[in-house]
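Written out below as structure tokens is the structure these notes cover.
In the text below, chain A, chain B and the rest are named by the order of the sequence lines, each starting its count at 1.
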Amino acid sequence: MASKQIDEIVLANATTSYAAYGGYKALEKARAMTPAEVTEELMTSELRGRGGAFFPTGRKWSFVPSKEQLPKPHYLVVNADESEPGSFKDNEIISRVPHRFIEGCLITAHAIDCTNVFVYIRGEYSGPYEILVNALEEVPKDVLGGVTIVVHRGAGAYICGEETALLESLEGKRGQPRSKPPFPAISGLYASPTVVNNVETIATVAPIIAMGGANYAKLGVENSRGTRVVSISGNVVNGGNYEIEPGTSLRELIYDLGGGIAGGRELKAVVPGGSSTVILTKDEIDVGYDFDSLAQYRTAMGSAGIVVLDDRCCIVQLGIRFSEFYEHESCGKCTPCREGTRWLTAILRKLEDGRATQADLDLLLDVCDRINGKCLCPLGDSDAIIVASYVAKFREEFQAHIDEGGCPFGGHSSLDHVLAPVAMHTLAPVAEVPA
Amino acid sequence: MTLYELIQAERAKYPVDSQSAVMPALRLAQEEHGWLSPEVIREVAEALEETPAYVKSIASFYDQFHLAPVGEHLIEVCTNVSCAVVGAQQVLEAFENECGCHAGETSDDGKFTVRTIECLGGCGWGTIVSIDHHYRTYVKPDDVPQIVEELRGE
Amino acid sequence: MSELVTVTIDERTVQVPKGTGMVETAQAAGIEIPVFCYEPRLGPPVGACRMCLVEVEGMPKLQAGCTLTAQDGMVVRTARTSTQAAEGQNSTLEFILVNHPLDCPVCDKGGECPLQDLTFRYGPGNTRMTFPKRTFEKPIPISPLIALDRERCILCYRCTRFSESVAEDGQLVAINRGAQSVIATFEDEPYVGHFSGNVTEICPVGALTSTQYRFEARPWEIQNVPTVCGMCPVGCNISATTREGKVKRVLSRNHAEVDEGWLCDKGRFAYGHLNARDRITAPLAKAGPRRFEELSWEEALDRAEELLRRGAASTVTALSGGESVEEAYALGKLMRTGLDANTAVLPEEIPDGLDAYRAPLSALRSAKTIAVVCDEPVVERAPVVELWLKAAKRAGATVTYGAPDEAVDALVTDRSGPTYGAQNVYHLPRTPNGRGVADAWSAAGDGEPVDEEPVLLIISGDEAALTASVRSLAERADAVIGIGMFQDSFRGLADLVLPGTSYLERDGTTVNLEGRLQRQRRAVLAPVPDTLAWIAKLAERFGVELSPYASVVFDEVAAKCFGGITFGDVHEIAELPPRAEARSERQEPGSQSEPGSGLKLVAYRPLFSGAAVARTPELHFQQPNGELQIHADDARERGIRNGQTVTVSSNGTSVELRARLMRDLARGVVRVADGQQGELHQNVEVTP
Ligand SMILES: Cc1cc2nc3c(=O)[nH]c(=O)nc-3n(C[C@H](O)[C@H](O)[C@H](O)COP(=O)(O)O)c2cc1C
Ligand code: SF4
Ligand code: FES
């Protein structure tokens, strides 16, 4: 299969040693160019952000006003908060190719005329954190060229992956999203022009400069150029990260790279791009894994976390478990998300427990509708969108929960009785425990 | 270096007048004291020249900061979907049995706190268990007795 | 800058400056966009509550009106003409009410509650939430002044934003995340801060309420009297809420140039002093060293006349600065024209020539450089001025403390001295109406004061009676007449005491620190006759013509010192008089702090002190504790950390205090609340 054979670009030549990495040649090349030329190269490459929103990276950089236009320091903030269920690629990128990542930081800093880089890494990633800090210590001073890279550790909050919440958190505030505009490129960290990019995006920068944007753009398909690191997990034989060429079909990813469904079971559904993306049924996996193809199914590559679910998965329970996640991770700032995600979980649980009536299913969809499009950031919307997609694609299964007065899996679903953190006593107890 | 001095070193990494050092400061304080008691929060606040209320509002936002005591070892089992469909719940139950406490609780001997946690970012290698902030991959219920044994020995 | 753009809202077209907020733009078109979290005084909009959703042509999703700004050609639809927007607002209210207890019948906010009003207009008529609502222990005190009901809270974050970015006290915060979020103080300790009460007013539901007002009145039983606070020289505009002849609460009455709708806790909560146990309700005569006996008014006026005749021109009048212009003038006219007693102890010296530098307090916000030349904390003297300074800093101003090295735009000072090139100068008097009282006294007569020991001393006001210099003067006088509200102020001091009234009980005018003449209205009847009434009676006996009516007295004063305006010209939202033309750079040196090796110790008078606060037990927790305020750099040089216990010493004595590091005071100055300095001298050293 062609998909397996591609040459790794981001994950190539894994090493944590500066010497073995062979120095920062792309950085040298970039520094010989003007910042505008570097940005131009990125535009040519058609690289789009790997954090989930898929925004063209070169364009993002070009929004940063010059220091003459706005005399303030510029910042590069790298988003290493990777917390979307199903995604674990940034973990491996930092761990296996830290120097490609650091080199990308330095090239980007050059392109946006900045000397302060912050890497916001999720608090749980102690291993990658140590690797990154050690790698940074290896980089010679003159290579850093006056750029400081501070690694800032998060402390367990998915919402801090949202770029403005991340900036708030980095500023020492509660990690709650800001309303946009102003966009970070104008007023980001410390109210100064800021570029926020994902780890993989940054790790792709050095290869692009090395091979040339035009060569990079030869890979992939229209609107989805280059390569992508996808995370495959769930009921597959070979879970893991794979660098692929977009356009490869989801079927190939699951059956060739992932080795198929574990235990010889049947495929039931696939979450294609992390928990926040619309689910695909087993009949919808002959779709190309790229932006345009997935858009036909109203779904997306998101953060490229492919969660494969076999026939033992109760979709109502899937809704509960993800909804519990969003409820737990809601920052609490905006009303529809804070109250709505909690309400969704409750209605879903009622369905699962067999206490629901037809009216509850209608209510479920109506609450989804009432959340969707009204939140401050995409977190709340995501919960509503995915739950609504579960009902749309697996309506009979929801109906069965009502008709049979309980879960048709009869306690044998692969998600049965899973204890979510939100359902557990938390170690940060509230002042009063809600009744 | 004392905690106060360590916190000042963190502050130096960020612009003056910014509050950015609060998370690193809380992490340092927690490493030193195990959890963030009101007294520790006050100590951090004073070192940062902030109010304790502000520091608490930050600490309570993030899951990794403990506002109640935790055991000597912190065992966190990911129960998000990718881990759950490969048996996270059974792994959790094995830990509950071996450690002698329910999820969300600390064992009577103070050795273990067991809790579930949202996706740890290792989905393809599940079940992921974070033990004292270091990941174990592919954990199966059968592995649990030995893990707990090792921890007890430490 | 202010390019006009055309926006269409619900088919109405308006022109507003580009970038105007959509809530204001709609308002200009006469259309309401409902809001909860939006409150421009709290800083940039946050878009949290999602009550303000509107439909915008060309945008697929509903937009939060509060964060949207007017752009040319924008077409906006609110719930009036868009079913999508109406549905959005209905959704938000449904979500808000999911966990709201709907305990309106027993809620103090009921009847004046935005949540009730907006639900009535935009909300769902029934509930579809069948799960148990979240419950909390309620109400919990977050201080003796404020109760918090977490069930009613809709998490609009107005209160925490006030604490974080207006008062900047960092006391009231949100803790936890998501649906578990609650508003809290640290470990339920009291919310200590000069401005805490404002959160009860900005809360759009009944989550933060005043303990003093709890269960005291329903909105249809009350009257709000527009008046002006008489507790400090800022003169914040207030509404006194009364029910059955009693003041039940004090609310702000936003004067955009003076207070922007904020009050300090003294102005808001100290009204309880009106009903103090030792309130003087009848004239009193000394009947023993610590004892008074009551007199009839006829007897009292006879006694007063007798004492005044004896004192004659050797009578000295000590004023407190808490009198209205009219009271001070009436007293002055009686003394100066009736007795030729021209000697007064004025509450303070007001530097002259200030009128040339007059500017509204709100102008501080647009100053780029501000010098504060005042050793005492501004917040303790004129609390709301501190909020303006903070606003200026947030807007990017450089605020320096102590004599500045370079010329500044604005100067805030407590002394007469150089103006450092400032265009605007704000002098901070000590007393609420020190300026008006000085003006009124000088307008009342033109005889020369004499410099001899007083035969009779008149002490006007409790604050004057509590002043050490006045008390020592009293010891030297043959007789003392007091005018005041509380027995304890005059016990052992006065031979005759005539009952005084509070600013909430009188009609008249007062001049604030800007030089703004403002009108105070009688909110409630005093338990005693009006001061002007009995002064007029007494004046008659000395052949002095005085009206008992504030309006008539005012017109008489105004002709002499306020350019002849009439009582009616003093509007409910009073204007600042124009600047005096003549302007000479004031150069006289102020009180120089002599350079010494040590630090200069300043003992300041706390805001939460004085006769009214002493009689409001709920406010006592706000009194300062043993803290030494020290500049962070002075502290670092001495190896002192924030919160550490330090020894303050001079000339062999020492005091232990907790160090509080700050940046908003001058280098070389350390401060303690008055009374905590012990025997310390002015020059001290501080060691860890
Ligand atoms: C709720 C939420 C969580 C997110 N989490 C992440 C994350 O963990 N890592 C990431 O790179 N982007 C995350 N994003 C996307 C970021 O907001 C942002 O778009 C991205 O970091 C930009 O980088 P890119 O342009 O390189 O993709 C998240 C967005 C949302 C709404
Ligand atoms: S959608 Fe959720 S996470 Fe996003 S701002 Fe609203 S409450 Fe916060
Ligand atoms: S008023 Fe706009 S979101 Fe609250």
Inter-residue atom distance C:N642.CG - B:E49.CD, 0.5 Å rounding: 5.0 Å

Choice from C:Q171, C:R660, C:E164, C:R177 maximising heavy atom contacts with chain B below 4.5 Å: C:R177

SB check C:R658 B:E46 (cutoff 4.0 Å): yes

Pairing of C:E189 and B:R42 as salt bridge, 4.0 angstrom limit: yes

B:S57 side chain vs C:V173 backbone, donor-acceptor pair below 3.5 Å: no

Tell me, yes or no, whether the heavy-atom count around [X] atom [atom1], taken from other residues, nucleotides or ligands under 6.0 Å, exceeds 12.
| X | atom1 | result |
| --- | --- | --- |
| B:H133 | NE2 | yes |
| C:E637 | CD | yes |
| B:D108 | CG | no |
| B:E5 | CD | yes |
| B:D17 | CG | no |

Closest heavy-atom pair and its distance - C:G170, B:A53: O-CB, 3.4 Å

Considering all heavy atoms, the nearest B:T51-C:D169 contact: CG2-O, 3.4 Å

Student check: side-chain heavy atoms of B:F61 and C:S181 closer than 4.5 Å: no

